[in-house]
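Residue numbers start at 1 and run along the sequence shown.
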Amino acid sequence: MQHINDADADYFEHSNSNAGPDIAQEVDQADLQALLLARRSAEAADAALASSVRAARAHGVTWQAIGAILGVTRQAAHAKYSQVA
């Protein structure tokens, strides 16, 4: 899952010479804050998962077991987390 950072969001919002809709004006500020908090929470959860996978692999846990716990195949777990493990 790829996340859009704040700079990318600003670029998107102000691209096309501001001819597009101003998303920030169309959405309640509380909703925007909730979205931002949810995105940051998702990023923190992704980091925690990567750290947990790294620790599990360091202790000899197989990709099969990691995949089973994450609800994906061992191949999918390996593809997503092998760079951090």
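- Remark: Thr73 pairs with Gln75, Ala76 by the side chain to side chain contact (heavy atoms under 4.5 Å, CB included) rule, at least two apart or across chains.
- Looking at Ser52, its side chain does come within 3.5 Å of a backbone N or O of Ala48 through a donor-acceptor pair.
- Separating the CZ atom in Arg54 from the CD atom in Gln83 is a distance of 12.0 Å, to the nearest 0.5 Å.
- Arg40 pairs by the salt bridge (Lys or Arg N to Asp or Glu O under 4.0 Å) definition with Asp6, not counting sequence neighbours.
- When hydrophobic side chains of Ile, Leu, Val, Met, Phe, Trp and Tyr are connected at separations under 4.5 Å, Leu36 ends up as a singleton with no cluster partners.
- Evaluation of the side chain to side chain contact (heavy atoms under 4.5 Å, CB included) rule for Gln64 yields Thr62, Arg74 as partners, not counting sequence neighbours.
- Among residue pairs with one or both ends in residues 40-62, none qualify as ring pair (Phe, Tyr, Trp, His ring centres under 6.0 Å); sequence neighbours excluded.
- Through direct or indirect side-chain contacts shorter than 4.5 Å among Ile, Leu, Val, Met, Phe, Trp and Tyr, Leu70 is connected to Leu49, Val53, Val61, Trp63, Ile66, Val72, Tyr81, Val84.
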